[in-house]
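Reviewing the structure listed below.
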Amino acid sequence: MATLTVNQLPLAPLGAGDLIDRAVRLYRRHFTTLIRIAAPPVVISAAGGVMTSISWRALTATASETSLALYVLMLIAGLCLWVGGMLLNVIVMGGAARNLVTHLLWDEPVSARATYRNARARFWGLLGSTLIIGSITMVVFVIIFYVWILILTMVAFGIVMLQFPTWLTAILSIISGVTATMGALWLFFLIVGRFAYVPQVMLVEGKGVFASIGRSASLASGNVKRLMAMVFFSIFA
């Protein structure tokens, strides 16, 4: 009878640097496979972005009604592709999470076929959770953005009214701007980070949409710095 080999993984929480180092090593080891996994949603969203950019610029330059209608349709199609690619990216990420977990625990091969099979098995649940999380993220972003603008405006008005010397005004403006920005980012990741693990929980633990949201919130507790570090590293990369 064949025996199942279970790898012994360290259970201690990893810092942001350890997470990034492990992710980089994992990408180096399975680079080609992970490129194949990521390619479809990235190509779809990139095509949508290109179509949106071209049609938006052409809308203001064309004088023909026929061309205008064509560019409007192209803009709508581009936006649909871009949004669809972003949604597919989150769905595929959930499938990849399950594939990578089984690889780390039981040495199962990392493959695009297994990833998309996992994503297809929970497609509608992942799609529903992605739409819910996307809506919440958008609302939270808008609220925090306007609060951030309001705070900066009030601070700038206060500094101007107090009539400090120019050099002191510049220093206070920089300090208040950086402080308000960091506070807004921390608050954003504190709220949105509660939903960061929903796709992984759905695929790895097999929970439903709302149960995954609750489980994700408990997993994300105390991990604001890690989430911020991983997001900014991804943006930089």
Side-chain angles (χ1 to χ4, degrees), residues 1-46 84-134 192-223 226-227 229-237:
M1 180 182 294
T3 58
L4 182 65
T5 302
V6 179
N7 292 333
Q8 297 296 322
L9 298 176
L11 297 179
L14 298 177
D18 296 325
L19 286 171
I20 293 172
D21 179 68
R22 179 168 292 186
V24 170
R25 284 190 280 114
L26 193 63
Y27 274 110
R28 289 178 60 187
R29 193 177 304 121
H30 305 286
F31 181 77
T32 304
T33 302
L34 292 176
I35 287 293
R36 290 203 304 271
I37 293 172
V42 170
V43 169
I44 292 173
S45 60
M86 298 297 290
L87 291 174
L88 182 60
N89 185 54
V90 177
I91 293 171
V92 171
M93 183 175 63
R98 179 177 178 85
N99 193 193
L100 292 174
V101 167
T102 57
H103 168 71
L104 293 173
L105 291 178
W106 301 305
D107 283 329
E108 291 189 7
V110 178
S111 68
R113 179 176 297 179
T115 295
Y116 280 89
R117 183 173 63 247
N118 296 331
R120 187 170 59 251
R122 298 296 304 274
F123 176 81
W124 295 111
L126 287 169
L127 179 60
S129 64
T130 302
L131 292 174
I132 294 173
I133 296 169
V192 176
R194 302 286 177 175
F195 310 99
Y197 305 113
V198 171
Q200 293 85 343
V201 171
M202 290 188 66
L203 268 297
V204 176
E205 300 186 13
K207 295 183 179 295
V209 175
F210 295 103
S212 297
I213 292 176
R215 174 64 170 157
S216 175
S218 65
L219 289 174
S221 179
N223 290 325
R226 292 188 181 93
L227 289 171
M230 292 299 292
V231 169
F232 286 119
F233 170 76
S234 300
I235 293 172
F236 173 78

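The CE atom of M202 sits 14.5 Å away from atom CZ of R215, with the distance rounded to the nearest 0.5 Å. For the atom pair OG of S212 and CD1 of I132, the computed distance is 10.5 Å after rounding to the nearest 0.5 Å.
In terms of the side-chain hydrogen bond (donor to acceptor under 3.5 Å, both in side chains) criterion, residue partners of N99 (sequence neighbours excluded) are, by chain and number, T115. With sequence neighbours excluded, no residue forms a salt bridge (charged side-chain N to carboxylate O under 4.0 Å, His left out) with R122. Partners of R25 according to the side-chain hydrogen bond (donor to acceptor under 3.5 Å, both in side chains) rule, which considers only residues two or more places apart in sequence or in another chain, are D21.
When all heavy atoms of A119 and L126 are compared, the closest pair comes out as O-CD1, 4.0 Å. When all heavy atoms of S129 and V209 are compared, the closest pair comes out as CB-CG1, 3.9 Å. Across all non-hydrogen atoms, the minimal contact from L34 to L26 is CD1-O, 4.2 Å. Pairing each heavy atom of N118 with each of L203, the nearest pair is O-CD1, 3.3 Å. The two residues V92 and P41 have their closest heavy-atom pair at CG2-CG, 4.4 Å.
A donor-acceptor pair under 3.5 Å is formed between the side chain of S216 and the backbone N or O of R194. The closest donor-acceptor contact from the side chain of H103 to the backbone of P109 lies at 3.5 Å or more, if one exists at all.
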Please evaluate residues N89 and M93 with respect to the criterion side chain to side chain contact (heavy atoms under 4.5 Å, CB included), reporting the C-alpha separation (whole Å), side-chain torsions for both, the decisive distance (0.1 Å), and the verdict. CA-CA 6 Å; N89 185 54; M93 183 175 63; 5.7 Å; no
One pair to check against side chain to side chain contact (heavy atoms under 4.5 Å, CB included): L127 and L87. What are the steps and the verdict? CA-CA 7 Å; L127 179 60; L87 291 174; 4.2 Å; yes
